[in-house]
Every structure is written in C-alpha cells, then in structure tokens.
Amino acid sequence: MNKILCLAVLLTACYSKEKKETSIAHHTVVSSARSINYDSCKKAIAIIKRQHKTQWAKLSNAEKEKCFANAVTNTIAPAWLGTKWDFNGITEVPQQGKIACGYFVTTVLRDAGLPIARVKMAQCASEQMVTTLVQDKYVKRFSNIGLDNFMAYLKLNGFGLYVIGLDNHTGFIFNDGLDIWFIHSTFIGTADVQREKAAGSTILKNSKYRIVGKISADEKVLEKWIDN
C-alpha cells in the first residue's frame with residue numbers, strides 16, 4: 001500500500017460518522033457523537049510528518065504553517081468534539097472520561113506530534129501556557145477590547161492556528177481562511193469540547209483579557225514538530 005493510500009485509509013478509520021453542526025442563536029457549534037479510532041488518527045500524523053520531512057526545507061512558510069495547523073485541527077482535535085468537560089478532567093482518550101480546558105490544549109498538541117510537557121503546561125495559567133509555547137514576536141495581548149475589534153485582528157492576520165488565553169479559560173483559535181473558530185473544552189452550555197464560530201462565543205465576548213499566540217507561524221514550533 002503506498003503512503004498516500006495508507007494515509008487515506010487511516011484518516012477514514014479515525015471517524016465512523018460525520019460531524020454535526022447545530023445552530024444556536026447566532027453561532028454555530030460543531031459537536032460529535034462519533035465512534036473513534038484515535039490510534040489511527042495519531043498514526044496518520046506520523047505518516048503526514050514522514051511525507052513532508054524530506055522536503056521540509058523546500059516548503060514555504062505558508063505551506064509549513066498549513067501542514068501543522070491542519071494536523072491539529074483536522075486530524076486530532078475533531079476526535080475530541082463532544083468529550084465532557086470537568087475542571088479536574090485529565091483524560092488522554094477522546095470520548096472517555098472528562099477533560100479540562102488546559103489539558104485539552106496540551107493533549108491535542110502532544111497527540112498532533114508536538115513534544116511538550118503535557119501535565120506541567122496544562123496546570124499553568126493560560127498566559128504562561130501561551131508564552132511558553134509561542135515566541136513573544138507571535139504573541140498579542142488585548143485588554144478591555146470589544147470582540148469585534150479582536151475578530152478584526154484575527155481576520156487581518158489570515159490563515160492560522162492560535163493558542164488563546166482568557167480570564168479563566170484557554171483553547172485554540174483557528175482561522176481557516178473562511179471562518180474563525182474557537183475550539184475548546186468549555187464549562188458553559190453543553191459543558192464539553194466544542195468547535196464554535198468565534199464571533200458567537202459567549203466566553204470570548206465576556207473575557208476582559210485575551211492573549212493569543214500564533215503557534216502555526218512560529219518557526220521554532222514547526223521545526224520541533226517536524227523533527228520529533
């Protein structure tokens with residue numbers, strides 16, 4: 001079986017059902033009740049990295065960024081949708097047990113192939129998590145800024161994956177080039193892992209402080225990811 005066919009088989013094996021989008025008021029939440037072969041998802045990451053490693057130096061920064069961001073958001077994170085939230089949740093297996101917001105971020109990054117101290121970093125304050133993961137030149141802080149202005153910044157910066165820290169929360173922001181998504185293990189509403197449109201997120205709107213680190217643009221992160 002060639003590598004491309006093998007990758008397609010593994011990605012298909014990850015999930016047995018399509019994702020479900022639910023419109024609530026003015027925002028869209030993507031949830032999941034799928035049967036998951038998480039090991040196949042992680043094996044798919046390994047194949048993706050092997051395919052790109054030999055030509056990595058020849059790829060543009062935009063190509064490297066897209067490869068990493070898609071590995072996180074399209075291969076690993078979807079498996080977690082619908083997994084229950086708990087303040088003390090530390091599960092490492094989607095749909096089994098519960099997971100806190102910080103553990104969700106660090107577990108997804110680790111399983112997407114980035115070597116990190118999963119437990120230690122998950123227990124950090126969200127700002128410390130962001131600044132530990134991402135170089136300062138890719139970090140931006142916002143205090144007492146309306147959600148519209150924050151969204152305008154994300155749109156202006158185009159495609160990319162961010163780690164975000166809020167007053168009492170953390171997660172991922174993903175600009176896929178068309179929409180901007182907030183992917184997080186949330187303590188409100190259904191209290192589970194969600195991928196919701198960022199413009200409609202109550203948590204994002206109500207937070208007085210926001211710090212974002214564009215992890216997909218950080219060349220040190222990308223090199224660590226491809227070399228691991």
Side-chain angles (χ1 to χ4, degrees), residues 61 64-73 76-77 80 85 87-90 92 99-147 149-176 180-188 193-199 201-226 228:
N61 291 338
K64 293 176 181 178
E65 181 171 9
K66 184 167 288 188
C67 183
F68 171 75
N70 285 336
V72 174
T73 60
I76 295 299
W80 289 90
W85 169 88
F87 182 78
N88 297 307
I90 60 172
E92 297 184 61
I99 194 160
C101 60
Y103 275 95
F104 169 68
V105 170
T106 60
T107 304
V108 165
L109 289 175
R110 183 200 64 183
D111 291 350
L114 185 66
I116 60 173
R118 171 186 175 264
V119 174
K120 183 177 180 180
M121 199 169 295
Q123 295 174 347
C124 292
S126 60
E127 172 142 1
Q128 185 179 353
M129 176 189 288
V130 173
T131 57
T132 300
L133 283 168
V134 184
Q135 294 183 77
D136 190 60
K137 62 183 177 179
Y138 298 112
V139 173
K140 182 79 171 176
R141 295 169 174 84
F142 302 84
S143 295
N144 297 309
I145 296 296
L147 183 59
N149 290 334
F150 178 65
M151 293 295 297
Y153 166 81
L154 296 173
K155 291 176 183 177
L156 183 64
N157 278 271
F159 179 93
L161 178 68
Y162 302 78
V163 177
I164 184 169
L166 304 174
D167 292 342
N168 297 293
H169 194 50
T170 188
F172 296 104
I173 293 287
F174 180 45
N175 183 342
D176 66 9
I180 300 175
W181 302 91
F182 186 25
I183 309 170
H184 59 133
S185 183
T186 177
F187 51 88
I188 67 171
V193 176
Q194 294 181 2
R195 172 175 165 140
E196 61 177 328
K197 288 192 175 182
S201 171
T202 300
I203 295 176
L204 278 178
K205 181 179 179 180
N206 292 341
S207 186
K208 301 294 184 182
Y209 182 70
R210 306 180 189 97
I211 176 172
V212 288
K214 196 171 186 182
I215 192 169
S216 64
D218 191 323
E219 66 277 1
K220 289 187 177 180
V221 170
L222 296 176
E223 291 304 316
K224 185 185 293 186
W225 178 71
I226 198 66
N228 181 48

Arg118 vs Thr107 side-chain heavy atoms within contact, under 4.5 Å: yes
Atom CG of Asn168 with >12 non-hydrogen neighbours under 6.0 angstrom: no
Contact check, side chains of Leu133 and Val221, non-hydrogen atoms, under 4.5 Å: no
N/O donor-acceptor pair under 3.5 Å between Arg195 side chain and Trp181 backbone: no
Salt bridge Glu127-Arg141, side-chain N to carboxylate O under 4.0 Å: yes
Short side-chain donor-acceptor distance under 3.5 Å, Glu92 and Tyr103: no
From CD1 (Ile215) to CZ (Phe172), nearest 0.5 Å: 7.0 Å
Tyr138: ring pair (Phe, Tyr, Trp, His ring centres under 6.0 Å) partners, not counting sequence neighbours: none
Nearest-0.5 Å distance, CG of residue Leu154 to CG of residue Leu147: 9.0 Å
Donor-acceptor pairs are to be reported for all side-chain atoms of residues 155-165 against protein atoms at under 3.5 Å, with residues two or more places apart or in another chain.
residue: Asn157; atom: ND2; partner: Tyr153; partner atom: O; Å: 2.8

Donor-acceptor under 3.5 Å (Thr170 side chain, Cys101 main chain): no
Among Glu65, Lys64, Lys66, the one residue meeting side-chain contact (heavy atoms from CB on, under 4.5 Å) with Ser216: Glu65
Closest heavy-atom pair and its distance - Thr106, Ala122: OG1-CB, 3.5 Å
Any Val193 side-chain heavy atom under 4.5 Å of Phe104 side chain: yes
